[in-house]
Number of protein chains: 2
Amino acid sequence: MGDVSKKVSVEVIKRLPRYYRYLGDLADNGIVRISSHMLGEKMNITASQIRQDLNCFGGFGQQGYGYNVVELYNTIGDILGLHNGHKIIIVGAGHLGQALINYKSFEKRGFTIIGVFDIDKDLVGQHLGGHKVLHMDELESFVKNKKPDIAVLSIPKASANNVAQRLVTCGIKGFMNFCYVDIDVPEDVCVENIHLSDTLMTLSYRLNCVKNKDI
Amino acid sequence: MGDVSKKVSVEVIKRLPRYYRYLGDLADNGIVRISSHMLGEKMNITASQIRQDLNCFGGFGQQGYGYNVVELYNTIGDILGLHNGHKIIIVGAGHLGQALINYKSFEKRGFTIIGVFDIDKDLVGQHLGGHKVLHMDELESFVKNKKPDIAVLSIPKASANNVAQRLVTCGIKGFMNFCYVDIDVPEDVCVENIHLSDTLMTLSYRLNCVKNKDI
């Protein structure tokens with residue numbers, strides 16, 4: 001496989017989790033091997049797209065045999081850096097935070113929630129999905145001790161940058177940011193934003209295009 | 001502005017909501033005009049990227065004056081198809097559904113939640129954020145009567161395709177899909193997926209790259 005990460009485009013990277021998901025489902029269903037043609041049919045992309053994407057990481061698959069499902073699943077897991085596991089904290093235990101705490105798919109892919117934080121006195125001390133909600137005052141000491149690598153921000157946007165700053169200072173390197181604001185972090189810190197209103201607006205644009213085509 | 005939608009790339013479309021958000025914040029703060037240089041600094045992109053993006057939709061802005069904030073905000077809102085408003089239903093009133101019901105940013109951008117559905121007898125009949133949760137049996141008659149255009153799917157993935165099918169049949173044209181499965185819909189139906197595990201895996205990949213660079 002080697003160190004190929006630098007050559008791979010963002011678009012390919014964004015597609016890898018989808019490959020991983022489909023291959024995981026195939027493996028769960030006992031499928032041992034699959035051709036790029038069949039995989040493409042399932043994923044609604046072309047076989048040549050699949051071959052092109054996977055070639056970025058070296059040659060998998062054999063002419064006439066196809067891909068070994070479990071092998072490819074594990075290799076993509078390696079490429080995605082899943083096999084060492086990740087420790088996550090959820091900052092903000094409102095409805096969204098609680099939805100994430102109860103989201104089973106995270107654990108299955110090696111993302112373990114190890115701490116949940118809030119400032120609401122009705123929430124602090126409560127047990128949610130097996131986690132005792134801690135007060136934000138305990139954030140720094142917790143992070144220094146337990147060394148989570150990813151923080152999920154599900155707090156009001158007004159607090160987002162301040163909390164992000166605190167987390168960066170005590171060593172957090174990755175954020176999944178649900179706050180409706182871009183957070184300002186150093187270059188070596190990775191942020192994946194989930195801006196729900198932006199997604200709805202993109203959907204609105206596409207609906208408009210379809211409607212205008214109809215007229 | 002004209003019918004320019006067909007020429008515009010997906011990447012530009014994905015950036016429009018971010019422009020809209022920044023311009024909205026500027027307008028809220030009473031800023032009347034802004035140069036592409038200043039806007040770029042705020043948004044952490046280059047002035048030339050901004051000019052290039054906005055030129056896709058015709059010429060805004062004037063040499064030496066910059067952009068009129070409210071005018072550009074409104075024009076981008078038009079391009080995004082926000083000004084006619086959208087009627088949304090939330091299908092699945094668990095934690096995630098409830099987070100969305102209470103999400104204030106939707107309403108502000110013209111997305112009005114008009115119905116909430118679930119099958120859980122503990123939820124049906126309850127009032128959540130001003131909405132009485134309706135049973136899934138009422139889905140078809142509700143959609144036919146009230147004509148929402150967007151359905152948000154926040155249900156277990158096992159039901160996703162069946163429910164999507166029912167909604168397409170009674171006329172839903174847009175989906176915001178939180179289920180961890182790709183839904184199968186006709187070509188004229190738009191889907192925006194929010195696959196939270198995929199986002200975490202992309203973050204994992206990026207964290208891995210940063211770490212390997214350090215070594």
Side-chain angles (χ1 to χ4, degrees), chain A residues 3 5-6 13-14 16-18 20-21 43-44 79-82 86 88 94-103 105-106 108-111 149-150 154 173-176 180-182 188-192 194-214, chain B residues 3 5-6 13-14 16-18 20-21 43-44 79-82 86 88 94-103 105-106 108-111 149-150 154 173-176 180-182 188-192 194-214:
Chain A
D3 181 23
S5 56
K6 281 160 208 81
I13 303 309
K14 291 263 175 203
L16 282 185
R18 191 157 175 262
Y20 191 73
R21 171 153 49 94
M43 294 181 67
N44 204 21
I79 296 170
L80 288 170
L82 301 181
H86 289 283
I88 298 190
H95 285 298
L96 182 58
Q98 290 181 40
L100 300 171
I101 292 167
N102 292 296
Y103 200 64
S105 300
F106 289 168
K108 202 181 154 190
R109 279 158 191 90
F111 299 94
D149 46 357
I150 295 174
S154 46
K173 289 292 183 199
F175 287 91
M176 190 178 190
Y180 199 42
V181 66
D182 297 321
D188 64 334
V189 174
C190 307
V191 180
E192 287 287 328
I194 298 191
H195 290 325
L196 301 175
S197 290
D198 285 6
T199 306
L200 264 186
M201 286 193 253
T202 307
L203 183 58
S204 167
Y205 176 85
R206 293 177 55 203
L207 282 170
N208 229 27
C209 289
V210 171
K211 208 159 79 184
N212 289 335
K213 226 166 144 186
D214 283 350
Chain B
D3 180 23
S5 55
K6 280 160 208 78
I13 303 311
K14 292 265 177 203
L16 282 185
R18 191 156 176 262
Y20 191 73
R21 171 154 48 95
M43 294 182 66
N44 204 20
I79 296 170
L80 288 170
L82 302 181
H86 289 283
I88 297 190
H95 285 299
L96 182 59
Q98 290 180 41
L100 300 170
I101 292 166
N102 292 297
Y103 200 64
S105 301
F106 289 168
K108 202 181 153 189
R109 281 157 188 91
F111 299 94
D149 46 358
I150 295 174
S154 45
K173 289 291 184 200
F175 286 92
M176 190 179 190
Y180 199 43
V181 66
D182 296 321
D188 65 333
V189 174
C190 307
V191 180
E192 287 286 330
I194 298 191
H195 291 325
L196 301 176
S197 290
D198 285 7
T199 307
L200 264 186
M201 287 193 253
T202 308
L203 183 58
S204 167
Y205 176 86
R206 293 176 55 204
L207 282 170
N208 229 26
C209 288
V210 171
K211 209 160 77 183
N212 290 335
K213 225 168 143 185
D214 282 353

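Convention: sequence-line order gives letters A, B, ...; per-chain numbering from 1.
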So which of B:Ser204, B:Ala99, B:Gly174 has the biggest tally of heavy-atom pairs under 4.5 Å with chain A? B:Ser204

Which residues pass the ring pair (Phe, Tyr, Trp, His ring centres under 6.0 Å) test with B:His195, sequence neighbours left out? B:Tyr180

Which portion of A:Ile194 sits near chain B, non-hydrogen atoms under 4.5 angstrom: side chain

For A:Tyr20, give me all partners under ring pair (Phe, Tyr, Trp, His ring centres under 6.0 Å), at least two apart in sequence or on another chain. A:Tyr73

State, to 0.1 Å, how close A:Gly81 and B:Asn208 come at their nearest heavy-atom pair, and which atoms those are. CA-ND2, 3.3 Å

Can you find a heavy atom in the side chain of B:Met201 that is under 4.5 Å from one in the side chain of A:Phe111? yes

For the candidates A:Met176, A:Arg18, A:His86, A:Arg21, which exhibits the highest count of non-hydrogen atom pairs separated by less than 4.5 Å from chain B? A:Arg21

Rounded at 0.5 Å granularity, tell me how far CD1 in A:Ile79 sits from CD1 in A:Ile13. 8.0 Å

With a 4.5 angstrom heavy-atom cut-off, which part of B:Leu207 approaches chain A: side chain, backbone, both or neither? both

Counting heavy-atom pairs under 4.5 angstrom with chain B, the leader among A:Asp149, A:Leu16, A:Leu196 is A:Leu196

Measure across A:Ser154 and A:Gly97 and return the closest heavy-atom pair with its distance rounded to 0.1 Å. OG-CA, 3.7 Å

Can you tell which part of A:Arg206 gets under 4.5 Å to a heavy atom of chain B, answering side chain, backbone, both or neither? both

With a 4.5 angstrom heavy-atom cut-off, which part of B:Ile88 approaches chain A: side chain, backbone, both or neither? side chain

Taking the side chain as every heavy atom from C-beta outward, state whether A:Asn102 and B:His95 have any pair of such atoms under 4.5 Å apart. yes

Under 4.5 Å from any heavy atom of chain B, what part of A:Phe106 do you find: side chain, backbone, both or neither? both

Under 4.5 Å from a heavy atom of chain A, the part of B:Asp198 involved: both

Please flag which part of A:Ile150 lies under 4.5 Å from any non-hydrogen atom of chain B: side chain, backbone, both or neither. side chain

